[in-house]
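See below for the structure under consideration.
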Amino acid sequence: MPQLLNWGYWRAALAWTRRPRFSRFTTGHHRASCGPGCSWDPRARVISLQGELDRFGGVSVHLARLAELDRLDSADFQRGLQAAIQQWRSEGRIAVWLHIPILQSRFIASAASLGFCFHHAESDSSTLTLWLGEGPSRLPGYATHQVGVAGAVFDENTRKILVVQDRNKLKNMWKFPGGLSEPGEDIGDTAVREVFEETGIKSEFRSLLSIRQQHINPGAFGKSDMYIICRLKPCSFTINFCQHECIRCEWMDLIDLVRAENTTPITSRVARLLLYGSREGFDKIDLTREEFPAVYTGLFYKLYHKELPENYKTMAGMY
Ligand SMILES: NC(=O)C1=CN([C@@H]2O[C@H](COP(=O)(O)OP(=O)(O)OC[C@H]3O[C@@H](n4cnc5c(N)ncnc54)[C@H](O)[C@@H]3O)[C@@H](O)[C@H]2O)C=CC1
Ligand SMILES: [Mg+2]
């Protein structure tokens, strides 16, 4: 948890010369509260931010918490930020994280001229960083991969597998239906959702079969791409495929997909993996899923690995 510092600590964190246009602050000689995370002291003629100190010794500044932000011009902001940086340096802070609401993006150029760089952006804000510590920056980067998930829906009774041909890319190439994971979505849930959206087939997660990692992927805006294929069990069989995304969709004999030439290498390899699993037992190919509580956060996560025999899980009487 970042430590919230008291007002006095950050009194000089961001200051600019008071201007007459802030007339509502010209009377009174007490500190007026002007919103969460920000205080105004008419005597000191400064605006102070409630900076947050993180556990690594960096400082986070949320401009959204600064009152009168709409009326602050870029030059005043830059002067205030410069003074604050000096202060943080003298206090031995290692980095500054500056969170800027999209409507206040005019401050980005001011910050950049003082050495800040983009760290990441969300739909409504950007985050810039400035390294103040010794040597090159040790700040972690932002997201490095996108995650795509496909569902290999295999019907053990008919030995048929569900395949599609994309409308927009890989035309005439058979592949498994799938798509990009939503933020916070489990891998198996992405596979089930994407299969249903693209083909109309309902299914259940069974296991994780393969992971492909590819760098500098044009479809991932030049970032890395993780493409995960799951084994799914069908719960319905009537195809009603999405005309926007697919030009063909069918239940194909698994052996035909294994022999097919108009397919991607990854689809072909996973078809062979499924053939092996269906003949020798899926335990040979499945990475199964189990949920655990996270030690530090108390949240839950999923762990995927080859099935571990029950006596090895408990280790009862094993020593
Ligand atoms: N090796 C294989 O068999 C294949 C693997 N993949 C992997 O699957 C994952 C993504 O699957 P998708 O089916 O593509 O995702 P998806 O099912 O989430 O569809 C993405 C949608 O966004 C649209 N789209 C993408 N870029 C666009 C742009 N610049 N402008 C407008 N619309 C755009 C597409 O037309 C599609 O409708 C990735 O991980 C990718 O690497 C995708 C195709 C084949
Ligand atoms: Mg798709």
Side-chain angles (χ1 to χ4, degrees), residues 120-123 141-154 160-232 234-236 238-277 285-287 289 302 304:
H120 65 271
E122 299 288 348
S123 57
Y142 196 54
T144 55
H145 289 65
Q146 80 172 8
V147 176
V149 188
V153 190
F154 180 60
K160 284 182 187 288
I161 181 97
L162 184 66
V163 282
V164 296
Q165 290 186 2
D166 263 345
R167 175 169 296 283
N168 297 319
K169 52 184 180 183
L170 296 172
K171 275 189 182 157
N172 308 319
M173 300 281 267
W174 290 111
K175 57 171 274 257
F176 302 119
L180 297 176
S181 223
E182 309 264 351
E185 187 175 51
D186 276 349
I187 292 165
D189 294 342
T190 305
V192 167
R193 175 182 56 75
E194 284 285 343
V195 164
F196 181 70
E197 286 173 6
E198 294 187 4
T199 69
I201 297 296
K202 292 183 182 147
S203 61
E204 278 174 8
F205 176 83
R206 278 290 170 272
S207 72
L208 198 150
L209 294 174
S210 70
I211 301 172
R212 181 205 67 181
Q213 185 186 31
Q214 188 181 50
H215 302 296
I216 324 173
N217 188 302
F221 307 98
K223 294 291 178 189
S224 303
D225 181 272
M226 298 280 268
Y227 179 56
I228 299 171
I229 301 181
C230 301
R231 184 168 73 84
L232 305 181
C235 305
S236 74
T238 309
I239 289 171
N240 176 19
F241 70 88
C242 170
Q243 307 285 334
H244 296 295
E245 284 209 55
C246 311
I247 47 175
R248 276 186 201 86
C249 175
E250 63 180 61
W251 288 105
M252 184 183 283
D253 281 333
L254 180 58
I255 197 73
D256 289 343
L257 184 62
V258 165
R259 291 188 186 124
E261 287 185 358
N262 57 335
T263 186
T264 65
I266 193 165
T267 308
S268 191
R269 172 57 62 93
V270 170
R272 284 150 208 231
L273 197 63
L274 275 169
L275 186 67
Y276 171 58
I285 62 168
D286 281 347
L287 297 182
R289 175 177 72 184
K302 308 280 189 327
Y304 301 83

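All ligand and atom numbering here is 1-based and tracks the order in the structure.
Put simply, atom 3 (O) of ligand 1 has protein non-hydrogen atoms near it, under 4.0 Å away. Less than 4.0 angstrom separates atom 7 (C) of ligand 1 from at least one non-hydrogen atom of the protein. Proximity of atom 24 (N) of ligand 1 to the protein is not indicated, since no non-hydrogen protein atom lies closer than 4.0 angstrom. The presence of a protein heavy atom under 4.0 Å from atom 29 (N) of ligand 1 is ruled out. For atom 21 (C) of ligand 1, the nearest protein heavy atom lies 4.0 Å or farther away. Protein non-hydrogen atoms do reach within 4.0 Å of atom 44 (C) of ligand 1.
Shortest non-hydrogen contact noted between Val164 and Phe176 is CG2-C, 4.2 Å. Asp225 and Gln146 get closest at one heavy-atom pair: OD2-NE2, 2.9 Å. The minimum heavy-atom distance between Gln165 and Asn262, with the atom names listed, is NE2-ND2, 3.9 Å. Closest of all the heavy-atom pairs between Arg193 and Leu180 is NH2-O, 3.1 Å. Nearest heavy-atom pair, Cys246 versus Glu198, reported as atom, atom and distance to 0.1 Å: SG-O, 3.9 Å. Minimum interatomic distance between Phe205 and Leu232 (heavy atoms only, all atoms of both residues): CA-CD2, 3.6 Å.
Of all the listed residues (Arg167, Glu198, Arg212, Met226), Arg212 holds the heavy atom that lies closest to atom 41 (O) of ligand 1. Which of Met173, Gln146, Lys169 comes nearest to atom 14 (O) of ligand 1 through a heavy atom is settled by distance: it is Lys169. Considering Asp166, Ile266, Leu180 only, the shortest heavy-atom separation from atom 1 (N) of ligand 1 involves Ile266.
Thr263 places a side-chain N or O within donor-acceptor distance of the main-chain N or O of Trp174, the cut-off being under 3.5 Å. Here the side chain of Thr190 pairs no donor or acceptor atom with the backbone of Val149 at under 3.5 angstrom. Judged by distance alone, with hydrogens and angles left aside, the side-chain atoms of Thr199 form a donor-acceptor pair with the main-chain N or O of Ile201 at under 3.5 Å. A donor-acceptor pair under 3.5 Å links the side-chain atoms of Arg167 to the main chain of Gln243, judged by distance alone.
Protein heavy atom in closest approach to atom 5 (C) of ligand 1: Tyr227 CZ, 3.4 Å. Nearest non-hydrogen protein atom to atom 15 (O) of ligand 1 is Gly179 CA, 3.4 Å. Regarding atom 38 (C) of ligand 1, its nearest protein heavy-atom neighbour is Asp225 OD2, 3.4 Å.
Distance NZ/Lys302 to CG/Leu208: 12.5 Å, rounded to 0.5 Å. Note: Ser203 OG to Leu162 CG = 8.5 Å, rounded to the nearest 0.5 Å.
At least one N or O atom of Gly178 sits closer than 3.5 Å to an N or O atom of ligand 1.
Not one N/O/S atom of Glu194, from backbone or side chain, sits under 2.8 Å from the Mg ion (ligand 2). The Mg ion (ligand 2) does not have Gly148 among its coordinating residues (no N/O/S atom, backbone or side chain, under 2.8 Å).
Every atom of ligand 1 is numbered from 1 in the order shown, and the set under 4.0 Å from a heavy atom of Glu194 is 17 (O), 18 (O). Remark: ligand 1 atoms within the under-4.0 Å shell around heavy atoms of Glu245 are 17 (O), 19 (O), 37 (O). Listed by atom number, the atoms of ligand 1 under 4.0 Å from Gly148 heavy atoms are 9 (C), 39 (O). Atoms of ligand 1 found under 4.0 Å from any heavy atom of Thr264, numbered from 1 in the order shown, are 1 (N), 2 (C), 3 (O). Listed by number with element, the atoms of ligand 1 under 4.0 Å from a non-hydrogen atom of Asn168 are 35 (O).
Angle OE2(Glu198) to the Mg ion (ligand 2) to O(Gly178): 80° [nearest 10 degrees].
At a 4.0 Å heavy-atom cut-off, ligand 1 touches Thr267 through the side chain alone.
Under the 6.0 Å distance and 45° angle rule, Arg231 does not count as a cation-pi partner of Phe154.
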